[in-house]
Amino acid sequence: MKKQLLVASVLAACSVMQAQAGSLDDGNLSISGFGTLAAAKSNTDTAKFARYNQATGVGDSPRLGLDSNLGLQATYKINDWLSGTAQVLTRKNTSPSFTTDLTWAFLKMKVNDEINVRVGRVVIPAFLISDYQNVGYANTMMRPPIEVYGQDPIENVDGVDVNYQHAFGDTNFTAQAFFGSSRGKLFVPTAGGSVAKYRAPAQGVSLSLERGPVTVRLGHARAELHSDNLLPINSLAATLTQVGFGQLGRDLGIVDGKKMSFTELGVTVDWNNIVIQSEYAQRRAHDPVYIPETNSWYAMAGYRVGKVLPYYAHAAVKGAGSSITVPAALAKIPTLNGAVNNLLISPEQSTDLIGVRWDFAKSMALKVQVDRVKPKVKSGQLIFTPAAGQKDSVTVVAAGLDFVF
């Protein structure tokens with residue numbers, strides 16, 4: 001019932017904006033939207049499969065919340081060099097129910113034909129498909145692989161970005177730089193699950209080259225992550241302080257802010273009927289922190305037959321070490337020593353997936369996808385797993401309708 005009411009309220013908002021457009025529309029206002037209506041289930045209820053930063057996942061009963069979303073975007077051209085854009089997105093994220101967030105809200109200033117500046121809430125260009133990762137219709141797969149996209153859950157910042165575009169013959173070059181601060185929530189799946197608020201001053205750059213059917217993109221982002229209500233980590237840090245390991249407790253937490261970076265290299269190819277997409281990413285810590293360092297990647301290949309596109313992908317994430325060295329003296333307290341060392345180990349998993357996309361109508365596509373998730377270390381990125389860990393592979397089946405309007 002809540003889902004129906006939420007969807008109805010968003011549709012009502014669309015109607016209101018369209019009605020207002022009647023008074024504002026002088027040819028400069030454009031309103032568009034996108035959405036996915038999808039159901040998914042897995043073959044087990046002992047662990048849940050979820051997208052990055054989702055508070056609920058799917059088990060052995062069909063659920064709509066994994067991939068379903070609804071977005072609405074409005075852009076108003078104020079004059080030849082200034083415009084404003086806002087986007088709202090309804091989905092399941094850190095809340096068990098559907099919520100609506102303001103994901104974009106910026107003024108765009110055109111300096112010249114090659115340079116523009118945006119001020120407000122903008123997307124962090126951390127990934128190959130950052131600008132449209134929530135638009136199912138714009139993507140081949142049902143969802144971005146969690147092995148890569150789960151390593152950096154921060155999607156936007158309130159600040160400034162500068163975009164430069166230039167054509168060198170048949171090659172288009174784009175450079176983007178941003179800085180600002182992100183505020184939001186992080187879902188922590190341990191101890192039954194909790195939500196922590198965070199603040200993260202961030203900055204970064206992305207560079208891309210596009211020539212014919214090939215696009216190559218390199219992105220780098222840095223952030224200083226702050227949170228004072230990360231309950232499981234704060235509780236462990238307090239215990240460490242009580243037994244004389246206060247420095248280790250401070251190293252684990254992010255109360256005082258810890259610097260992290262994320263670097264990604266991606267490529268897409270859409271040549272004749274062949275579709276290829278791949279990304280490789282590294283997450284690194286530049287201060288002592290509980291968050292493990294990781295290497296992750298995926299590769300997808302598909303072949304288009306008319307309006308049908310079958311595809312296959314493989315994805316994996318592995319630990320790349322820790323920024324914290326545990327004092328040898330902590331071994332005298334085995335329980336606490338085990339808890340700290342286990343915390344510092346990165347979850348590892350791999351996924352093989354097959355799927356098919358059918359563009360059966362204008363601006364609409366049907367997708368069916370089957371993921372075979374293989375947890376390897378600490379139950380991989382599955383949530384709400386057994387205390388002994390999830391060792392068996394999990395199969396996730398999903399089917400959905402993507403649309404834009």
Side-chain angles (χ1 to χ4, degrees), residues 47 52-53 94 147 150-154 185-202 221-263 281-296 316-350 374-391:
Y52 48 94
N53 216 25
T94 56
E147 287 83 358
Q151 305 312 307
D152 182 8
I154 301 175
K185 298 177 180 179
L186 296 173
F187 176 69
V188 184
T190 58
S194 61
V195 177
K197 293 182 179 180
Y198 75 86
R199 177 178 63 85
R222 288 177 173 261
E224 185 174 275
L225 194 60
H226 298 250
S227 178
D228 58 8
N229 65 339
L230 199 61
L231 299 182
I233 306 303
N234 291 353
S235 177
L236 178 59
T239 302
L240 288 167
T241 300
Q242 290 173 2
V243 296
F245 292 91
Q247 183 59 54
L248 178 59
R250 289 187 292 274
D251 285 347
L252 291 173
I254 57 176
V255 174
D256 298 326
K258 299 296 176 66
K259 295 182 177 66
M260 304 285 299
S261 68
F262 184 82
T263 305
Q282 293 184 341
R283 183 177 70 193
R284 295 293 184 262
H286 302 281
D287 287 320
V289 66
Y290 80 94
I291 302 171
E293 298 182 340
T294 61
N295 297 329
S296 57
V317 57
K318 293 184 177 182
S322 171
S323 58
I324 290 179
T325 300
V326 179
L330 191 63
K332 297 178 181 179
I333 313 175
T335 303
L336 200 53
N337 185 58
V340 171
N341 280 282
N342 184 66
L343 175 67
L344 299 179
I345 298 173
S346 173
E348 296 184 2
Q349 75 175 39
S350 67
K374 302 172 184 176
K376 297 179 178 179
V377 178
K378 291 178 67 175
S379 302
Q381 292 180 294
L382 301 169
I383 63 174
F384 302 133
T385 57
Q390 178 71 26
K391 298 179 175 59

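Throughout, numbering of the chain's residues begins at 1 and tracks the sequence.
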*asked:* Looking at every heavy atom in both Ala47 and Gln390, which two are closest together, and how far apart are they?
replied: CB-OE1, 3.7 Å

*Which residues share a side chain to side chain contact (heavy atoms under 4.5 Å, CB included) with Ser194, sequence neighbours left out*: Val188, Pro232

*Exercise: identify the closest heavy-atom pair between Leu248 and Pro327*: CD2-CD, 3.8 Å

*Does the side chain of Ser296 come under 3.5 Å of the side chain of Gln151 through a donor N or O and an acceptor N or O?*
no

*asked:* Suppose we screen for side-chain hydrogen bond (donor to acceptor under 3.5 Å, both in side chains). Which residues come up paired with Ser261, at least two apart in sequence or across chains?
replied: His286

*asked:* Side chains of Glu147 and Gln349 only: does a donor on one sit below 3.5 Å from an acceptor on the other?
replied: yes

*Return the minimal non-hydrogen interatomic distance between Leu225 and Ile291, and the atom names on each side.*
CD2-CD1, 3.9 Å

*asked:* Let me confirm one number: the CG-CG distance from Leu230 to Asp228, rounded to the nearest 0.5 Å.
replied: 9.5 Å

*Heavy atoms only: give me the nearest Ala320-Asn295 pair and the separation to one decimal.*
CB-ND2, 3.8 Å

*Taking all heavy atoms of Leu186 and all of Asn53, pick out the closest pair and write down the distance.*
CA-OD1, 3.5 Å

*Contact check, side chains of Ser323 and Arg284, non-hydrogen atoms, under 4.5 Å*: no

*asked:* Per the side-chain hydrogen bond (donor to acceptor under 3.5 Å, both in side chains) rule, what does the pair list look like for residues 327-344, sequence neighbours excluded?
replied: Asn337-Asn341

*asked:* Between Thr241 and Ala237 (side chain of the first, backbone of the second, donor and acceptor by atom type, cut-off under 3.5 Å), is there such a pair?
replied: yes

*Taking NZ, NE, NH1 and NH2 as the nitrogens, is one of them in Glu293 or Arg283 under 4.0 Å from a carboxylate oxygen of the other?*
no

